[in-house]
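Structure record follows, encoded as structure tokens.
Each ligand, and each atom within it, is numbered from 1 in the order the structure gives. Bear in mind the structure is a predicted one, so any value in this text is a computation, not a measurement.
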Amino acid sequence: MCGIVGYTGERFASRILLDSLSRLEYRGYDSSGIALLTETNMQVIRARGKLRELSKKLEGEMTDARAGIGHTRWATHGVPSEKNAHPQLDPFGRVAVVHNGIIENWEDLRQQYGQGLFSSDTDTEVLAHMLVGGLDAGLDLVEAVQLILSKARGAYSFLAVDSQQPDRLVGARVGNAGGLVIGISEDESIVASDVSALLPYSQEFIFLESNEIVDIRPSVVEIFSSDGERKIRSPERLSLDPVTAAKGTYKHFMLKEIHEQPETLLNGMRGRYSGTSETIDLSSELNHERFSIENLKEINRCLIVGMGTSMHAAMIGRHYLEQFARIPTEVDNSAEFRYRRPLLDEKTLVISVTQSGETVDTLAAMEEAQRAGCPQITLSNSVGSQTTRLADSTIMLHAGPEIAVASTKTMIASVIALHGLSLFLGKQRGLLQPEVEQEQVHQALLLPAAVSNVLNFTDEIDKLAEKYSASNNFLFLGRGLGYPVALEGALKLKEVSYIHAEGYSAGEMKHGPIALIDDQMPTLAICTQGDVHDKMRSNIQQIRARGGAVIALVSEGDSSMDAIATDTLIVPDIDPILSPIPAVVALQLFSYGIATRRGADVDQPRNLAKTVTVE
Ligand code: M6R
């Protein structure tokens, strides 16, 4: 959940480290710090709060340093404060460590390997103590890291420097608490938690695997196993575009990313949905051996795993898989899945949905599925991420960089990818009628225009946000495909505006939540689904009868809720099975409108991080 960077080369390290950290701030932003090295000196500067606080402190400091490490933190052990910010040092100030993830046995390690007093509450500091202990005992830096790997339990990655070897960085990765990627260039090396931080500096990358150690000098990068065995690894070339990550004229990344969704949909369908033949084809993306027609016919169950917004996308995808591919499908929250000893076999297709491809619980769920021999597909927005390395096949979301912590365009990209995958699987299994394929492809290609229409309604949605921005509690209700939309609406509102919001299946309302209804508790009712429309009408009437205000989210042309709802939020009338897409976009704008009115930090909400790499 934290971001780590390191640099060694000919250029000014502080600038490069700060710049790379700014690209990792989405991983955590409660404090940050940097260690800079010259031939004779190591200086550590840390600050509580966002990266700009560190920048201010850094002005004019150590401008001649040509190597260093940096960190942006999401607190796990110890409150956000300067003393708990990384880098953490040993008691003599010889080595500095930045770390992501959790050292589970840190308290025991403190007892056993402490080299003196500890000055922070972090689990990280003991790594610096262990490292200096190893160096003092005559170990080389890589050997000292080996010692750490043999003793420290958990899932973590870290980078360290030794002030007596000022052009050298060492790092390691254990488990799935976020990766370490090394960008290779002539005469300099740069390393970070993920590739997005390295894009301006390199196009060639080495991805560290679990239980590997990296020894980095300006023009040499060496990889070792945790036993010290040297590994040969060729860099991978990736061409990615750093410019698209810029905020442009938008006030917030979240707003920019909401507005990018028509294009996100087009990019997600490009090369998969053919407008001319009205057919779907994902064959080039699926591993032919694992997903041959014969193997697909054998699949008797699908399991989609994900967390948060990605899980809500998965819940929509379940409807698609059952309807178009005719495969019984379950959706599981990855974190729950891994601990309930799931029954799996090689006839269960496991689909993981994760924009980052680094979510620790989803990775653990995938490992569970791997042990059981399940074929796996991952949907990810991050080239080279961990899930893409674990799965048999990857369906890239092609959503472009999503910087705001709240997922918007990656959810829409996940939903369309699941729609395409379901159609394709149905077709391969011989269970999808050609006319259904044609109709679905045709309808899906209308989505970019439908979402543009929602964006044209921004002013109307904003007026509703204005009207309801003082409410401190919200209920979101939906049935069928409206249910995951309700869950996502509630999640978006609570994370960006800090308003308490509950998403419920509307059928559940009378089993408890109705007790909450009064004139202080508005409800947002998702009413775009034809087959459950009348039931939603009844729910709305029941809420109104108890004094609750209701905003009905309806399809254009549906005036049936006008007389009973307090307000309506209108989205384009499209094929009901695809209606979650414009509905989710409308709810994103609604949450954004409320959050900005309440002065919340929309792009970096408190306590959150974009990628959750710790349990
Ligand atoms: O990277 P992932 O898609 O695996 O992330 C899963 C969740 O942490 C994520 O969807 C989260 O709920 C959203 N950022 C909330 O907007």
Among all protein heavy atoms, pick the one closest to atom 7 (C) of ligand 1 and tell me residue, atom and distance.
Met307 O, 3.5 Å
Charged N to carboxylate O under 4.0 angstrom, Arg237 versus Glu204?
yes
If we set the cut-off at 4.0 Å for heavy atoms, which region of Glu495 has an atom near ligand 1: side chain, backbone, both, or neither?
side chain
Tell me whether Glu368 is salt-bridged to Arg371, with the criterion being a basic N under 4.0 Å from an acidic carboxylate O.
yes
For atom 1 (O) of ligand 1, grab the closest protein heavy atom and report residue, atom and distance to one decimal in Å.
Ser356 OG, 2.6 Å
Protein contact of atom 13 (C) of ligand 1 - nearest heavy atom, named by residue and atom, plus distance:
Ser407 OG, 3.3 Å
Polar-atom distance check: Val405 versus ligand 1, any N or O pair below 3.5 Å?
yes
Could you pull out, from Thr309, Thr410, Asp361, the option with a heavy atom nearest to atom 12 (O) of ligand 1?
Thr309
Classify the contact between Lys492 and ligand 1 as side chain, backbone, both or neither, using a heavy-atom distance cut-off of under 4.0 Å.
side chain
Tell me whether Asp19 is salt-bridged to Arg23, with the criterion being a basic N under 4.0 Å from an acidic carboxylate O.
yes
Any salt bridge linking Arg597 with Glu466? Criterion: basic side-chain nitrogen under 4.0 Å from a carboxylate oxygen.
yes
Protein heavy atom at shortest distance from atom 8 (O) of ligand 1
Val612 CG2, 4.1 Å
Anything under 30° is parallel, anything over 60° is perpendicular, the rest tilted; go ahead and classify Phe474 against Phe590.
perpendicular
Identify, by atom number and element, the atoms of ligand 1 in contact range of Ala406, meaning under 4.0 Å from any of its heavy atoms.
16 (O)
Salt bridge check, Glu209 against Arg389: does any charged N sit closer than 4.0 Å to a carboxylate O?
yes
Residue part near ligand 1, for Thr362, under 4.0 Å between non-hydrogen atoms
neither
Atom 5 (O) of ligand 1 has as its nearest protein heavy atom Thr359 OG1, 3.4 Å
For Tyr498, does the six-membered ring have the charged nitrogen or CZ of Arg606 within the cation-pi criterion, i.e. under 6.0 angstrom from the centroid and within 45° of the normal?
yes
SB check Glu488 Lys492 (cutoff 4.0 Å):
yes
Atom 3 (O) of ligand 1: closest protein heavy atom, distance to 0.1 Å, is Ser310 OG, 2.6 Å
